[in-house]
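From a predicted model like this one, the values you see are computed outputs, not experimental measurements. Throughout, a chain's letter reflects where its sequence line sits, starting with A, and its residues are numbered from 1.
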Amino acid sequence: MDKVTLEVVRSGGRRIRYDLRYRKGMTVLDALIEIREKLDSSLGYRHSCRMGICGSCGMTIEGVPRLACQTQISILKTDVIRVEPLHSMGVMRDLVVDIAPFMAMHKSVKPYIMRRNTDERDHSDREYRVLSEEVRRFLQFDYCIMCGLCYSACPTVALDPAYIGPQAIAQSYRYMADPRDEGWDQRIDLLDTSHGVWRCHVAGACSFVCPKDVDPAKAIQMARKEILKKRLLRRKARVGAQPVPLLSSGVVKQGVKPPPFDFGKGSVSRK
Amino acid sequence: MVEAIDHDVIIVGSGLAGLRAAAQVLSLSSGSGPSLAVISKLALMRSHSVGAEGGTAAVLYPEEGDSLELHAWDTIKGSDFLADQDSVWKFVSLCPEEMRQLERWGMPWSRREDGRIAQRPFGGHSYDRATFAQDKVGFFEMRTLYDKLQEYDNWSRYDETFVTSIVVEDGTFKGCTAIELKTGRFVFFRAKAAVIATGGAGQLWKFTATSTSVTGDGIGLAYRAGLPIEDMEFMQFHPTGLIPRGILITEGARGEGGYLVNSKGERFMERYAPSKMELAPRDVVSRSIMKEIGEGRGFKDEDSGLSFVHLDLRHLGREKIDAKLPFIKELSMKFTGVDPVEEPIPIKPTAHYTMGGIRVDGNGRVLDERSQAVRGLWAAGEAACVSIHGANRLGANSTAECLVYGRIVGEDIVRYLASDNAHPLGNDSSLVASEEDRVFRGLFRNETSSEDVYVLKAKLKEIMDKSVYVFRDEEGLTDAVREVKELKEKYRGVRVTDGSKVFNYNLLDTLEVGVMLELAEVVAQGALNRRESRGGHARLDYPQRDDTNWLKHTLARRTEDGPSFSFAPVCITMWKPVERKY
Amino acid sequence: MKESWSMILTYISAMVLIFVLTFHFLLQGPLAGKSFEDTLAFGYATGNLVSFDFVFGLLLFAAVIHGLNGVRVIALEWFHPKEKAWLLNLVVVMLMAFFLALGSYTLVTVG
Amino acid sequence: MKKDPRYKSGLISSLNPFGYNVERWSYALHRVTGVVLIGYLMAHIFETFELSMGSTAWTNTMNALHSLGPLELVGLWIVAGSALYHGANGIRLILNEMFGKLMGSPILPVYPYSPTSLGRNQRMVVWTITGVVLVLWVWAGLYLLAGLGVV
């Protein structure tokens, strides 16, 4: 197959076809770039990193939300590729959708380390002691690049714009499972609302489309378990990880030594 | 009439430096602090900083053999002694605090057995001081900082707002003009303080590890405002860029034990850096790879026509690759169809980091041509040239620089606003009207566009890849300067062909190419002037480093017919330059 | 009143329903040697209600609570009421009360 | 209910599982069967209410139902199928939602990705349920429509 056609849904629902020459390893984003540079400079779409890590180029390709930069045309097994904007989001121009509500849902679950002693968190010089297996309990959910694919694949989001969405709940659980976080109770009350975690019905579409295997469906069920632990089993919040003192001042090992200073040490201001 | 938006502080660029500066301003003045705005050409979490993979250098365990002096020495030696040593000292002493500050904000650093932050070996560092989080350290740092900003409500975010120019009048920053893509509005941000943190200019090259948004706009802002930009000819070519696009394969792959192998199956690095081998600094490794390819010991990729060598990770085994380098495996399988556990990865040096940038002092304040600080204007991260990297940056020092100087700039701004000489918001100046005219009437004139901006962009990238790459010579550089000047001439005939007011990416591309052409001229001309080989700038016709008359920073200022060059002394406060061997 | 309580109620009623409906479907028809028409006979139907009145009471409550909670979930998602959420809850509760009353009346009068 | 300005959102799009994983199909089925069951439950409560009105009222109701002809039995068969699927899938959902089973524990993702929530445990249960429900549904069909399957 040396020719490929992209049928792009433009603003107002117009479907326009573009014919391109196919190159080995060509992705949908390559095709879109070629369209804007050679065929139609008014085609609106977002992109930046072209290596699947920034999350700008989410769109619905062949009916399923995907990242355009990492979707090889060869795996789509069709000569005419249907490209549409992400579902369940407001279209602003062609394939550019409004991600502000999605970002607002992320902010609504307070996704940051909460500590009772915020001064120690913001202005001390210690580090919290966290073991590797403790990191493993939440790290998978920290891989989220906020591309919005799970949000647009979720059936409940399609129905209920007030639903906070799989991404936000997965981030809330990421902080619930972080040993350093002491906001367990607050996070449970934030999720346990009529448009919160209970609106998820385990359709699994979020985990199916996630480009980074963050598995939000799993995070949501674990968040649910935390809520049930609190409501039914009357479980209490555990104390966050404690700061660890800096290493003792005694020198343990002699390291490589740089050559001696040619002048006195210290910063001579200049320029 | 241009609509004015007032803020106390505006941060242009939302990468690591921008977000860290915002986090510092907000956390210092929790609650009633200054009105802060973060302006970004992309949405807030999309900046290229998410692509940083390797690690962040910091002296976390001085008791176990590391020391601030050693980190400073590695950085200065790595920079081929062009770095300003007083800033390097300030930088290395603040790095450890930054690592722990991010840890307290939720950063998922990889851990040692005793629960402390882990570190791993990295190129050019004589101690394993690259703090890492899997192999996506930049991404996790961005996530941590972005999440930290969600705690505060007293700041406003301007996603997808492209800053076209900054207004600096009689040594004071007044504001900046910008286009809001969402509405197409042309706005004038007025502020007492601004930070330019927009990153480097890797997109001047075709084979580059940078995102398509890294076009050096911030450096262009200062350059077009008449401020000097420094050391632009020093461009770092990261040795391992994935064929065919140049996507970055982190140095951590070599840090974990990967080998560089040529077509004869030899680990050729022992010929170029006998002691450090693959973990020599990036300029040394890039030059070695290009020599191997030049002497016919490389491979050839039929589709893209690029020649390359192999990065072999097979001996590391599946467990170690999945545990320590999962993103590398994902990238090489997704973008070049090679599973690093079974086959070696095809790589070639790729344009990666801009050592040069806006000239700033130790506190990140932008300096004008008389080396006086411009009131109310800072720059941080890759866009700035404090010059702690000099001629070549050590791996893992860039994310560290963004964090350290993001914090320094944040603190400096809060101090500046608290002091009485914070000047009132500037009134509308004539520059704003002329900028609006340049952008809208200049590029939207209706007669047909005689030049296609994308053709010019492709030609520029070809030129830079051909003659301003790892190895440069007099003849190639003179051609490059001439051809870039021709492209600039043709750029006058460019018209924006997309008439839409909302999300006009064609206008964005056109403005970006304008900046790229100006910066390319500075890079090519600067490289032509510098008749020596130092760090990332390697001249075939002047292979030796010439400290007697080239141990100085290049400064370029914009004039009507191109950049005018001057020089500035290098601040040597710790070590005199010595011969650099690895 | 947190949303979780209504969901916990739904879950518990669901678990009850699994057992009670297995009884209602299988033990009263196919496994009891009765064809479908036989089960419709007035005598057999009332006999069941009398002898298993407790089981049918449980079945009624679990079914109505679970079912109408489900309706509430679907309505909540479809209309996503902001201020008028209490109205939706009220309507659902009233429906529950009505059907429970009707069902209980049948059980009481027949039993 | 004003029209949702978001692209391809609303009831139809939320229930459209095309191109997605099998769990999304079972979500749509679960919801549809739920609506069928609640409809039948309300009718069934009214119907059994006739029992308390004496045998003549009961026989009239039965005759009214029989007047529907085959529609009545086919309708009941559909309700039986809905109850079977809704119940069986409900067990899977409770295992997931209340007890957090079948989802697997957090892992470090390794490319090529396969989320554990849609992994072997989940799929095994999904397909066993579908098999069991189909078998029972055939039995219900025989029982209702052909009067067979009586033990």
* To do: Could you have a look at M98(D), H30(D), R92(D) and say which one has the most heavy-atom pairs with chain A under 4.5 angstrom?
  => M98(D)

* Which region of F141(A), side chain (C-beta onward) or backbone (N, CA, C, O), has a non-hydrogen atom less than 4.5 Å from a non-hydrogen atom of chain D, or is it both or neither? -> side chain

* To do: Answer yes or no: is there a donor N or O on one side and an acceptor on the other, between the side chain of Q140(A) and the main chain of I107(D), under 3.5 Å?
  => yes

* Structure fact -> So, the part of R136(A) with a heavy atom under 4.5 Å from chain D: the answer is both

* Asked: What closest approach, in Å, do A203(A) and Y27(D) show between heavy atoms, and which atom pair accounts for it?
  -> CB-CB, 3.7 Å

* Structure fact -> Only residue of L139(A), V135(A), D213(A) satisfying side-chain contact (heavy atoms from CB on, under 4.5 Å) with L108(D) is L139(A)

* Structure fact -> The interface call for Y7(D) against chain A, heavy-atom contacts under 4.5 Å, is both

* Are M103(D) and Q221(A) side-chain neighbours, meaning at least one heavy-atom pair lies under 4.5 Å? -> yes

* Under 3.5 Å: donor-acceptor pair, side chain of D215(A), backbone of P106(D) -> no

* Name the option with the most non-hydrogen atom pairs under 4.5 Å to chain D; the candidates are G63(A), P161(A), A217(A), C210(A). => P161(A)

* Asked: Under a 4.5 Å heavy-atom cut-off, does chain D meet the side chain of D160(A), its backbone, both or neither?
  -> backbone

* Where the side chain of R24(D) meets the backbone of A153(A), is there a donor-acceptor pair that is under 3.5 Å apart? -> yes

* Asked: Any side-chain heavy-atom pair from F208(A) and P115(D) closer than 4.5 angstrom?
  -> no

* Structure fact -> So, the part of S114(D) with a heavy atom under 4.5 Å from chain A: the answer is backbone

* Heavy atoms of other groups near I12(D) CD1, more than 12 under 6.0 Å -> no

* Largest heavy-atom contact set with chain D, pairs under 4.5 Å, which of A205(A), G13(A), G90(A) -> A205(A)

* Structure fact -> From the list V202(A), V97(A), V157(A), V64(A), the residue making the most non-hydrogen contacts under 4.5 Å with chain D is V202(A)

* **Minimum heavy-atom distance between Y20(D) and V209(A), given as atom pair plus value** => CE2-CG1, 3.8 Å

* Structure fact -> To the nearest 0.5 Å, atom NE2 of H87(A) lies from atom OG of S13(D) at 6.0 Å

* Contact origin within M222(A) toward chain D - heavy atom pairs under 4.5 Å -> side chain

* Asked: Does some side-chain heavy atom of N96(D) sit less than 4.5 Å from a side-chain heavy atom of H201(A)?
  -> no

* To do: Counting only heavy atoms closer than 4.5 Å, note whether L159(A) contacts chain D via side chain, backbone, both or neither.
  => both

* Structure fact -> When the 4.5 angstrom heavy-atom criterion is applied to Y111(D) and chain A, the contacting part is neither

* Just by distance, do the side chain of R6(D) and the backbone of A158(A) share a donor-acceptor pair under 3.5 Å? -> yes

* For I220(A), is it the side chain, the backbone, both, or neither that has a heavy atom closer than 4.5 Å to a heavy atom of chain D? -> neither

* K8(D) side chain to S88(A) side chain, donor-acceptor N/O pair below 3.5 angstrom -> no

* Asked: Looking only at atom types and distance, does a side-chain atom of K218(A) sit under 3.5 Å from a main-chain N or O of S105(D), one as donor and one as acceptor?
  -> yes

* Using a strict cut-off of less than 4.0 Å between a Lys/Arg side-chain nitrogen and an Asp/Glu carboxylate oxygen, indicate whether K225(A) and E97(D) qualify as a salt bridge. => no

* Answer yes or no: does atom CZ of R120(D) have more than 12 heavy-atom neighbours from other residues, nucleotides or ligands under 6.0 Å? => no

